[in-house]
Amino acid sequence: MAIQNPPVSQTKSFSTVFLIEMWERFGFYGMQVLMVTYMVKKLGFAESDSNLVWGAAAALIYATPAIGGWIGDKFLGTRRTMLSGAVVLMIGYALLWVPTDNAIFLYVALGVIVLGNGLFKPNAGNLVRKIYEGDAVKIDSAFTIYYMAVNVGSTISMLLTPWIRDYVGEHYGDALGWHTAFGVCSIGLILGLVNYFFMRHTLAHIGSVPDETRPPMKNVLGVIVGGLLIIGVSALILQNQTIAKMCVYAAGVLILFIFAHLIRSVERSERAGLIAALVLTIQTIFFFIFYQQMSTSLNLFAQRNVDLSFGIFGFEIFRWIPEQFQSLNAIWIVILSPILVWMYNTLGKHGKDFPVAAKFALGFVAVAAGFFMYGLGAHTAVDGKISSWYMVWGYGLYSLGEILVSGLGLAMIARYVPARMGGFMMGAYYVAVGVSQYLGSVVANYAAIPSDINDPLQSLPIYTSLFNKLGFVGIGCTVLAVAMLPLMRKLSLDHALADVQPVPPVHNEDL
């Protein structure tokens with residue numbers, strides 16, 4: 001809640017969070033877009049190893065916000081924890097700036113980024129909620145703009161950092177090119193922190209209870225020690241795939257056990273909502289297996305088997321660097337989201353809005369069509385390379401599915417889970433998403449190309465075989481989602497009749 005009467009407008013307070021979030025996402029996606037190919041091309045990792053290392057890092061990145069939100073609420077304060085996270089992220093990207101090819105150094109840098117993301121992400125979103133607390137109309141609009149910051153920052157960085165890598169690499173050496181590109185991510189965080197310093201007074205009245213006073217030294221030391229422990233454990237997990245697999249699978253089993261225990265032990269009136277949340281969470285996990293292909297198999301596919309030229313009627317308009325294709329996801333989300341919001345509002349006014357379960361089913365249809373698009377492109381490939389336009393439309397369909405499925409994940413938790421379990425279940429949801437990110441990297445390895453294959457004609461059928469199979473899996477998910485519609489309709493009705501106090505409105509700032 002607000003901790004004093006606001007001396008500034010909500011818009012100014014929101015702008016402060018908006019801008020630091022934009023620069024934070026600039027840094028994160030600028031790093032992500034290069035990471036897998038950096039491990040393959042610069043560190044000499046096999047494609048299968050690079051996929052799994054990034055999958056483990058992504059799992060940790062999604063899991064740690066559950067801890068960061070708790071620290072912000074109970075120990076340091078929401079503002080302080082967000083700011084601390086931004087500083088830690090800046091340090092993490094700066095470590096990647098150091099011109100070394102030592103793999104252990106990379107694991108430690110990723111561990112620092114995992115910690116920084118865990119501290120930053122939940123608390124930035126919480127500050128936006130606190131700024132507009134009690135105003136449902138304004139908070140929806142604020143998160144729409146906030147989400148635009150995420151995608152604007154990520155689009156710019158995913159286009160910029162590959163270009164910087166190539167430009168600096170061409171003029172000053174390949175090694176300097178890679179590390180300069182990572183350094184730009186750190187510079188983005190520096191700019192965000194400088195901007196926050198000059199605008200920090202606009203958030204002086206916003207935060208959690210610990211923000212009101214100087215934190216006890218034991219809290220500060222506890223967070224520092226815990227943070228160092230997270231960095232060390234993360235680095236250990238990243239360099240040991242056996243440990244990574246054990247942690248991921250144990251987390252998946254634990255989440256299912258917790259759901260089963262809660263469903264069995266809660267009051268009967270709350271059971272229908274929890275079962276519905278479990279069904280939709282499992283479907284979301286399947287979606288994020290598809291999602292992880294963007295930074296792994298699809299990224300490596302663009303390196304080997306995509307014509308980088310964009311042309312119309314035989315005339316080249318421009319060319320892209322392979323990693324830049326990942327920016328299509330953010331570009332399409334910016335284009336499609338306002339359209340879907342308009343459709344939802346229009347249907348809602350006429351009482352014809354789709355239920356969440358139906359949107360999940362439609363989302364899987366779009367994802368399946370997107371992966372089939374890459375397989376379709378193989379039929380017109382020239383010398384083993386498909387037209388870049390197939391990537392555009394494939395990403396477009398996939399992004400539509402992302403908005404329909406992933407964008408509703410947290411809203412689903414808020415709708416079906418009792419209020420007293422809200423914080424715990426959101427943390428469990430993020431951990432489940434982290435598990436699915438790692439599983440997505442495992443799936444990507446079905447198209448890992450051996451180091452002795454350099455001919456696009458040989459790698460093309462390997463990649464397209466995986467993408468076609470993912471398309472059929474998407475169809476299978478659609479069939480299951482449709483088959484579950486009657487059950488979901490019944491569970492939703494039972495939940496509504498039980499009149500369970502819901503979790504306050506929840507927004508996913510990434511989607």
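Computed from a predicted model, the values in this text were never measured in an experiment.
Taking the six-membered ring for Trp, F467 and F301 have ring centres closer than 6.0 Å.
Interatomic distance, Y196 OH to M82 CE, rounded to the nearest 0.5 Å: 4.5 Å. Between atom CD1 of residue I403 and atom CG of residue L400 there is a gap of 6.5 Å, rounded to the nearest 0.5 Å. Taking NZ from K41 and CG from L43, the interatomic distance works out to 13.0 Å, rounded to the nearest 0.5 Å. Separating the CG atom in N117 from the OH atom in Y62 is a distance of 9.0 Å, to the nearest 0.5 Å. Here the straight-line distance linking atom CG of L480 with atom CD1 of I475 works out to 12.0 Å at 0.5 Å rounding.
Counting only distance, with no hydrogens or angles, the side chain of N299 and the backbone of M294 share no donor-acceptor pair below 3.5 Å. Using a distance-only test at 3.5 Å, with no hydrogens or angles considered, a donor-acceptor pair links the side chain of Y93 to the main chain of F28. A donor-acceptor pair under 3.5 Å links the side-chain atoms of S327 to the main chain of Q324, judged by distance alone.
Under a 4.0 Å N-O distance rule, the pair R165/E170 does not qualify as a salt bridge.
Counted by atom type alone, S297 and Q293 present one or more donor-acceptor pairs between their side chains at under 3.5 Å. Counted by atom type alone, S441 and W54 present zero donor-acceptor pairs between their side chains at under 3.5 Å. A donor-acceptor contact closer than 3.5 angstrom links the side chains of N329 and E402. A side-chain N or O of S459 and one of N305 form a donor-acceptor pair less than 3.5 Å apart.
Using a 4.5 Å cut-off on side-chain heavy atoms (C-beta onward), L298 and Y463 make no contact. Side chains of L397 and V367 form no contact here, defined as non-hydrogen atoms less than 4.5 Å apart. The shortest side-chain heavy-atom distance between T161 and C185 falls under the 4.5 Å cut-off. The side-chain heavy atoms of P210 and K74, taken from C-beta on, include no pair separated by under 4.5 Å. Under the 4.5 Å side-chain criterion, counting only non-hydrogen atoms from C-beta, E24 is not in contact with M90. Using a 4.5 Å heavy-atom threshold, the side chains of I67 and L119 count as separate. Annotation: side chain of L466 is in contact with side chain of V443 (closest heavy-atom distance under 4.5 Å).
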Side chain to side chain contact (heavy atoms under 4.5 Å, CB included) between E21 and F120, intermediate numbers included: CA-CA 9 Å; E21 171 73 21; F120 182 92; 3.0 Å; yes
Criterion side chain to side chain contact (heavy atoms under 4.5 Å, CB included) on N195 and W23, from CA distance to verdict: CA-CA 10 Å; N195 180 80; W23 284 113; 5.5 Å; no
Check against ring pair (Phe, Tyr, Trp, His ring centres under 6.0 Å), W178 and W97: CA-CA 8 Å; W178 284 103; W97 201 345; over 10 Å; no
Stepwise side chain to side chain contact (heavy atoms under 4.5 Å, CB included) test for L460 and T464: CA-CA 6 Å; L460 181 63; T464 53; 3.9 Å; yes
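Here the rule is side chain to side chain contact (heavy atoms under 4.5 Å, CB included) with V433, and of F288, Y291, F287 only F288 fits it. With W393 as the partner, the side chain to side chain contact (heavy atoms under 4.5 Å, CB included) test is satisfied by one option alone out of W332, Y374, Y398: W332. Just one residue in the list D101, T37, L34 forms a side chain to side chain contact (heavy atoms under 4.5 Å, CB included) with K42, and that residue is D101.
With sequence neighbours left out, V435 forms a side chain to side chain contact (heavy atoms under 4.5 Å, CB included) with V248, A251, L439. When the side chain to side chain contact (heavy atoms under 4.5 Å, CB included) test is applied to Q241, the partners found at least two apart in sequence or on another chain are L52, V53, A244, Y438. With sequence neighbours excluded, no residue forms a side chain to side chain contact (heavy atoms under 4.5 Å, CB included) with S451.
Note on ring orientation: taking the six-membered ring where Trp is involved, the planes of H179 and Y38 are perpendicular (angle over 60°, cut-offs 30° and 60°).
Figure legend: cation-pi geometry between R200 and F197, with NZ or CZ positioned under 6.0 Å from the six-membered ring centre and within 45° of its axis.
Pairing each heavy atom of L96 with each of M31, the nearest pair is CD1-CG, 3.8 Å.
With a 6.0 Å radius and a threshold of 12 heavy atoms from other residues, nucleotides or ligands, Y167 has its OH atom at or below the threshold.
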